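This report refers to the structure that appears directly beneath it.
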Amino acid sequence: LRHLGAEVGFEKGVLTINVDGDNLVGEASHELVREMRASIQVMGPLLARLGRVRVSHPGGCAIGERPIDFHLRGLRLMGAEVWEEHGYIYAQADRLQGVDIQLDFPSVGATENLMMAAALARGRTRIRGAAKEPEIIESQNLLNKMGAKITGAGTDQIVIDGVEQLGAAEHEVMPDRIEAGTFIIAGAITGGDIWVGPVIPEHLGALIAKLKEAGVHFEIYDQQMRVVGPSVLRAVSARTLPYPGFPTDLQPQLMALMALANGTSLITENIYPNRFRHVDELRRMGARISVNGDTAVVRGIPRLTGTTVEATDLRAGAALILAGMAAEGETTVTNIHHVYRGYEQLTEKLTGMGANVTQQ
């Protein structure tokens with residue numbers, strides 16, 4: 001955001017962004033974009049506001065192919081000229097036009113990017129086949145506070161009536177369901193008795209259902225949740241699906257849990273079929289896991305053993321930390337920078353729960 005010309009402050013959980021339109025830059029460089037795939041999200045709003053944008057091809061976690069075709073196709077339908085050259089994506093349009101957009105897959109990133117672009121387009125845009133994740137509703141809520149006219153978030157059709165400009169707003173971000181889910185699994189994998197909050201239980205319905213099936217006990221009080229891990233975990237199977245299905249971002253953590261369950265689990269990855277790079281690292285800890293295409297067969301064992309493993313991506317790193325907490329002996333997780341992109345003060349929070357975790 002600073003690179004794009006914004007003044008940004010971040011202190012005690014409060015992010016402050018101040019933008020002078022005269023200082024805004026329509027380019028996101030390779031050095032920054034390669035670190036995080038979500039950088040492609042600046043494309044829609046910059047194009048809508050400046051009429052031009054230049055963004056490097058996105059990088060981020062190595063969890064398989066994640067094309068941005070839906071983003072680019074939507075912008076083209078809205079009247080943008082889009083081309084690729086020397087590793088960068090360029091787009092330009094005098095002003096985007098409202099149009100009907102059909103997404104072939106409910107992509108969260110594409111839905112959000114096109115919502116932001118359409119907020120300043122001329123006329124009405126309909127996004128059909130839109131993602132339904134809670135984060136989409138959160139985006140709608142913030143944009144509407146800024147003056148946008150958006151309805152339908154949380155359903156498969158979102159309607160955006162373009163406005164001339166957006167203004168400043170204040171917004172409290174909802175609890176992170178994936179962070180909460182990771183801590184819930186931490187309690188389950190260690191046989192712990194913990195409280196997790198704030199959390200919106202409805203956002204984690206698929207995870208809670210699976211863990212109850214595995215024998216985990218829950219007590220839910222508004223936005224606080226008590227999690228009690230069982231003495232013996234039962235094996236459960238899961239298939240990742242778009243929301244409200246089981247989230248792909250909790251698949252590695254669930255696999256670490258099932259590595260210690262009684263029985264055999266089948267975990268099928270339908271969102272990112274290559275998202276199994278954590279399997280080899282869990283095997284190094286003794287886990288009995290085999291992969292056949294998009295399905296991992298997990299045969300539970302009584303205990304894992306600590307060793308040195310590598311975090312290949314954000315959620316894989318979280319899964320390895322959880323496995324290390326439950327393993328016998330010391331576990332060292334390397335390449336940990338991935339994990340700290342998605343979990344603030346992770347070491348402190350886990351230590352507060354009673355884990356013996358240190359950061360080097």
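None of the values given here were measured: they were computed from a predicted structure. Residue numbers start at 1 and run along the sequence shown.
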Given Ser265 and Ser237, is the side-chain hydrogen bond (donor to acceptor under 3.5 Å, both in side chains) satisfied, shown in steps? CA-CA 5 Å; Ser265 307; Ser237 296; 5.3 Å; no

Rounded to the nearest 0.5 Å, what's the gap from [atom1] on [X] to [atom2] on [Y]? Could you check?
{"X": "Leu350", "Y": "Thr358", "atom1": "CG", "atom2": "OG1", "result": "11.5 Å"}
{"X": "Glu281", "Y": "Thr307", "atom1": "CD", "atom2": "OG1", "result": "9.0 Å"}
{"X": "His171", "Y": "Ser139", "atom1": "NE2", "atom2": "OG", "result": "8.5 Å"}

Does the side chain of [X] reach to within under 4.5 Å of the side chain of [Y], using non-hydrogen atoms?
{"X": "Lys149", "Y": "Ile160", "answer": "no"}
{"X": "Glu112", "Y": "Ile136", "answer": "yes"}
{"X": "Leu142", "Y": "Glu170", "answer": "no"}
{"X": "Glu7", "Y": "Ile17", "answer": "no"}
{"X": "Ile101", "Y": "Met78", "answer": "yes"}
{"X": "Arg315", "Y": "Arg275", "answer": "yes"}
{"X": "Pro242", "Y": "Ile271", "answer": "yes"}
{"X": "Val42", "Y": "Leu4", "answer": "yes"}

Go through the side-chain N and O atoms of [X] and [Y] and say whether any donor and acceptor fall under 3.5 Å apart.
{"X": "Tyr221", "Y": "Glu219", "answer": "yes"}
{"X": "Thr334", "Y": "Glu310", "answer": "no"}
{"X": "Glu84", "Y": "His57", "answer": "yes"}

Start with the C-alpha distance between Asp69 and His71, add both sets of side-chain angles, then the distance that settles side-chain hydrogen bond (donor to acceptor under 3.5 Å, both in side chains), and finish with yes or no. CA-CA 5 Å; Asp69 300 4; His71 302 246; over 6 Å; no

Is a side-chain donor or acceptor of [X] paired with a backbone partner of [Y] at a separation under 3.5 angstrom?
{"X": "Lys132", "Y": "Ala153", "answer": "no"}
{"X": "Glu138", "Y": "Met174", "answer": "yes"}
{"X": "Arg284", "Y": "Thr308", "answer": "yes"}
{"X": "Thr125", "Y": "Met115", "answer": "no"}
{"X": "Thr111", "Y": "Ala131", "answer": "yes"}
{"X": "Asn262", "Y": "Gly300", "answer": "no"}
{"X": "Tyr88", "Y": "Trp83", "answer": "no"}

Show which side-chain atoms of residues 318-329 pair as donor or acceptor with protein atoms under 3.5 Å away, not counting sequence neighbours.
unit_1: Glu328; atom_1: OE2; unit_2: Arg303; atom_2: NH1; d: 3.0

Sidechain N-carboxylate O distance under 4.0 Å for [X], [Y]:
{"X": "Glu269", "Y": "Arg239", "value": "no"}
{"X": "Arg128", "Y": "Asp100", "value": "yes"}
{"X": "Arg95", "Y": "Glu164", "value": "yes"}

Against Pro45, only a single residue in Asn113, Leu143, Leu50, Leu120 fulfils side chain to side chain contact (heavy atoms under 4.5 Å, CB included); can you say which?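 Passing option: Asn113.
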
Among Thr240, Leu257, Leu204, which residue meets the side chain to side chain contact (heavy atoms under 4.5 Å, CB included) test with Leu250? Leu204

Partners meeting side-chain hydrogen bond (donor to acceptor under 3.5 Å, both in side chains) with Asp280 (sequence neighbours left out): Arg283

Let me see the working for Glu179 and Lys349 under salt bridge (charged side-chain N to carboxylate O under 4.0 Å, His left out), right down to the final yes or no. CA-CA 11 Å; Glu179 181 184 22; Lys349 291 176 182 178; 2.7 Å; yes

Does the side-chain contact (heavy atoms from CB on, under 4.5 Å) test come out yes or no for Tyr272 and Gln251, once each step is laid out? CA-CA 11 Å; Tyr272 301 124; Gln251 175 261 107; over 6 Å; no

Just wondering, more than 12 heavy atoms not from Lys212 lying within 6.0 Å of its NZ?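 Not buried by this count: 12 neighbours or fewer within 6.0 Å.
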
When Arg177 is tested against each of His203, Glu135, Glu202 for side-chain hydrogen bond (donor to acceptor under 3.5 Å, both in side chains), which residue passes?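 One option only clears the test, and that one is Glu135.
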
For residues 184-200, which side-chain N or O atoms pair as donor and acceptor with protein atoms under 3.5 Å away, sequence neighbours left out?
unit_1: Thr190; atom_1: OG1; unit_2: Ala186; atom_2: O; d: 2.9
unit_1: Thr190; atom_1: OG1; unit_2: Gly187; atom_2: O; d: 3.4
unit_1: Asp193; atom_1: OD1; unit_2: Arg226; atom_2: NE; d: 2.9
unit_1: Asp193; atom_1: OD2; unit_2: Arg226; atom_2: NH2; d: 2.6

